Amino acid sequence: MRTVFLVAALVACKKEEPPPDRLTDTGWFDTTGTTTADCNDRFVTTVPTNGTRGWYWRDRPVVYAQTENHAAYRVWLQDTDGNRLDTSVTWDGLAGTVEWDGWLAANTTYELVLDDCATTSTVTFDTSELGAPLSITANELVGNTYLLDLVDANWVEPATLAPLVYVYFTTPVLLGVQYADTTRIDLVGAPGIVDQFGVVTQDNGAATWDFPLSDFTDSPFLDARVAQLVLQYTDGGVTVDIPVENYVFQATFEPDGRTLGGGVLSGRGDTRYLGALLGDDSPDAMCVLADSLEVPCLPCADGQPYCLDIRAEDVRGTLVEGLRLVERG
């Protein structure tokens with residue numbers, strides 16, 4: 001059995017911040033007599049950074065400031081013709097998320113304009129083709145099966161334990177389109193099997209996961225949800241179930257329908273069966289490990305405290321040629 005290593009805990013340090021410049025009665029900073037040397041209210045960085053290409057059309061830019069004197073900062077988003085979006089900034093400490101109604105256009109250049117006490121600067125970035133309308137009819141998606149790449153996804157929850165948790169999500173996850181039109185889409189999920197040649201097929205010995213009929217009026221974006229599914233992980237001849245409650249998968253079809261991008265997978269994972277892989281059959285084995293990293297387990301649907309919220313971002317799905325999922329009970 002493979003030895004599971006513990007991810008080192010992160011230690012964060014917060015520097016003492018200098019006092020902000022004096023505010024005027026209007027709420028803006030007083031620049032009288034201010035020089036660059038004594039200007040503290042400055043932007044530090046942004047996401048995306050200048051020159052970023054392939055930005056996802058549904059992601060919100062985030063700005064990071066040097067101080068929490070939020071009134072001293074102005075941010076707006078515009079296209080290259082100077083047409084501004086009606087944006088606002090939601091601050092959480094030093095981080096500000098740029099918000100607006102709607103989404104960005106695909107294959108488009110945008111400018112994030114930053115104004116602080118030192119200067120006005122511009123961050124230019126381009127969106128990817130995700131978000132462009134399908135170049136095929138929705139009905140042509142029917143029968144397609146996509147392999148979701150969870151190994152190379154960005155696992156962000158549970159905090160500090162994410163690198164360890166994603167090790168157990170190596171079972172191929174397949175997503176198939178059963179029906180689609182301009183307003184609705186019906187999906188089914190299934191665990192897959194990879195043979196010695198790397199060919200992925202459906203695991204015919206496992207039940208499929210039936211997603212309720214979902215709204216598809218936001219095509220090419222899909223939002224699939226299921227109350228529970230059960231993934232499996234095998235190591236050294238030991239196979240364990242990993243139930244995931246309130247499973248959500250959101251992603252965008254590329255225009256030709258052959259791939260999915262910008263995917264987000266989330267849910268509440270039941271860890272009580274993972275003890276067998278840690279050399280401890282106790283149902284709270286993973287929770288004891290999580291608690292040592294200050295990540296307490298949460299109640300599962302049955303009230304037992306063995307669950308952790310999981311979230312993976314930047315999930316991609318690739319069309320598996322010639323594979324059509326068969327629903328199994």
Side-chain angles (χ1 to χ4, degrees), residues 7 47 55-60 62 90 92 95 97 99 103 130-131 146-177 185-192 208-216 218 220-233 240-253 259-274 286-287 290 293-318:
V7 179
V47 178
W55 182 256
Y56 186 50
W57 68 304
R58 296 177 73 91
D59 283 348
R60 301 309 200 198
V62 179
T90 301
D92 181 7
T97 302
E99 306 278 5
W103 312 104
L130 291 171
Y146 302 89
L147 173 63
L148 305 185
D149 183 2
L150 302 185
V151 174
D152 293 326
N154 178 26
W155 287 81
V156 297
E157 287 188 13
T160 74
L161 262 180
L164 178 59
V165 170
Y166 95 88
V167 169
Y168 301 115
F169 286 82
T170 55
T171 298
V173 175
L174 301 171
L175 189 70
V177 182
I185 188 167
D186 189 25
L187 303 168
V188 63
T208 53
W209 313 306
D210 186 26
F211 292 87
L213 191 66
S214 303
D215 182 90
F216 200 42
D218 287 336
F221 178 74
L222 67 85
D223 184 353
R225 301 167 184 261
V226 65
Q228 176 173 295
L229 55 78
V230 179
L231 301 176
Q232 289 188 328
Y233 178 79
V240 298
D241 289 340
I242 310 174
V244 181
E245 304 165 358
N246 298 319
Y247 179 93
V248 176
F249 179 68
Q250 299 172 320
T252 301
F253 287 103
T259 56
L260 291 162
V264 174
L265 178 155
S266 64
R268 181 162 289 190
D270 190 334
T271 70
R272 75 186 77 186
Y273 308 112
L274 290 176
M286 178 62 78
C287 290
L293 294 176
E294 300 182 350
V295 183
C297 278
L298 304 168
C300 302
D302 61 3
Q304 296 300 310
Y306 302 128
C307 281
L308 289 169
D309 284 339
I310 59 173
R311 182 180 177 87
E313 300 177 348
D314 301 325
V315 180
R316 288 189 59 81
T318 305

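All residue numbers refer to positions in the sequence shown, counting from 1. Given the structure is predicted, the values throughout are model-derived calculations rather than measurements.
- Not a single donor-acceptor pair under 3.5 Å links the side chain of Thr318 to the backbone N or O of Arg316.
- Salt-bridge check for Asp302 with Arg272: passed, with a basic side-chain N closer than 4.0 Å to an acidic carboxylate O.
- By the 4.5 Å heavy-atom criterion applied to side chains, Leu260 and Phe249 are counted as neighbours.
- At distances below 3.5 Å, not a single donor-acceptor pair connects side-chain atoms of Glu99 with backbone N or O atoms of Thr90.
- Rounding to the nearest 0.5 angstrom, the gap separating the CG atom in Leu148 from the CG atom in Leu174 is 7.5 Å.
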So Ile242 and Leu274, side-chain contact (heavy atoms from CB on, under 4.5 Å) or not? Walk me through it. CA-CA 8 Å; Ile242 310 174; Leu274 290 176; 4.1 Å; yes
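- The main-chain N or O of Val151 is found under 3.5 Å from a side-chain atom of Asp149 such that the two form a donor-acceptor pair.
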Check the pair Thr97, Asp92 against side-chain contact (heavy atoms from CB on, under 4.5 Å), reporting the backbone distance first and the verdict last. CA-CA 8 Å; Thr97 302; Asp92 181 7; over 6 Å; no
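- With respect to the salt-bridge test (charged N to carboxylate O, under 4.0 angstrom), the residues Arg268 and Asp309 qualify.
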Quick one, Tyr146 with Thr259, criterion side-chain hydrogen bond (donor to acceptor under 3.5 Å, both in side chains). Give me CA distance, side-chain angles, the key distance, then yes/no. CA-CA 7 Å; Tyr146 302 89; Thr259 56; over 6 Å; no
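- Side chain to side chain, Ser266 and Tyr247 fail the donor-acceptor criterion of an N or O pair below 3.5 Å.
- Put simply, the side chain of Leu161 reaches to within 4.5 Å of the side chain of Leu308, judged on heavy atoms.
- A salt bridge links Asp223 with Arg225; the closest basic N to acidic carboxylate O contact falls under 4.0 Å.
- When every heavy atom of Gly189 is checked against every heavy atom of Phe211, the shortest pair comes out as N-CE1, 3.7 Å.
- By the SG-distance test at 2.5 Å, no disulfide connects Cys307 to Cys297.
- What you find for Leu130 and Gly262 is that their closest heavy atoms are CD1-N, 4.0 Å.
- With Thr252 contributing its side chain and Gly131 its backbone, the two residues share no donor-acceptor pair below 3.5 Å.
- In this structure, Arg58 CZ and Asp218 CG are separated by 6.0 Å, a value rounded to the nearest 0.5 Å.
- Glu313 is not listed as a side-chain neighbour of Tyr56, based on a closest heavy-atom distance of 4.5 Å or more.
- Two residues are said to be in side-chain contact when any heavy atoms from C-beta on lie closer than 4.5 Å; Val248 and Leu265 fail this criterion.
- The nearest pair of heavy atoms linking Ile310 to Pro158 is CG2-CD, 4.2 Å.
- To the nearest 0.5 angstrom, Asp241 atom CG is 7.0 Å from Tyr273 atom OH.
- When side chains are defined from C-beta on, Val47 counts as touching Trp55, because their heavy atoms get closer than 4.5 Å.
- Listed here is the closest heavy atom pair of Ala251 and Gly263: CB-CA, 3.8 Å.
- Atoms CG and CG, on Asp186 and Asp210 in that order, are 6.0 Å from each other to the nearest 0.5 Å.
- Closest approach of Leu147 to Pro172, counting heavy atoms only: CD1-CB, 3.8 Å.
- Side chains of Phe221 and Phe216 form no contact here, defined as non-hydrogen atoms less than 4.5 Å apart.
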Start with the C-alpha gap between Val173 and Leu150, add the side-chain angles, then the distance that decides, and say whether side-chain contact (heavy atoms from CB on, under 4.5 Å) holds. CA-CA 8 Å; Val173 175; Leu150 302 185; 3.8 Å; yes
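- Minimum interatomic distance between Cys287 and Pro305 (heavy atoms only, all atoms of both residues): SG-O, 3.6 Å.
- Counting heavy atoms from C-beta on, the side chains of Val226 and Gln228 never come closer than 4.5 Å.
- Here the side chains of Phe253 and Leu222 are in contact, with some heavy-atom distance below 4.5 Å.
- Remark: of the listed residues Val244, Leu231, Leu175, Val188, Leu231 is the sole one forming a side chain to side chain contact (heavy atoms under 4.5 Å, CB included) with Trp209.
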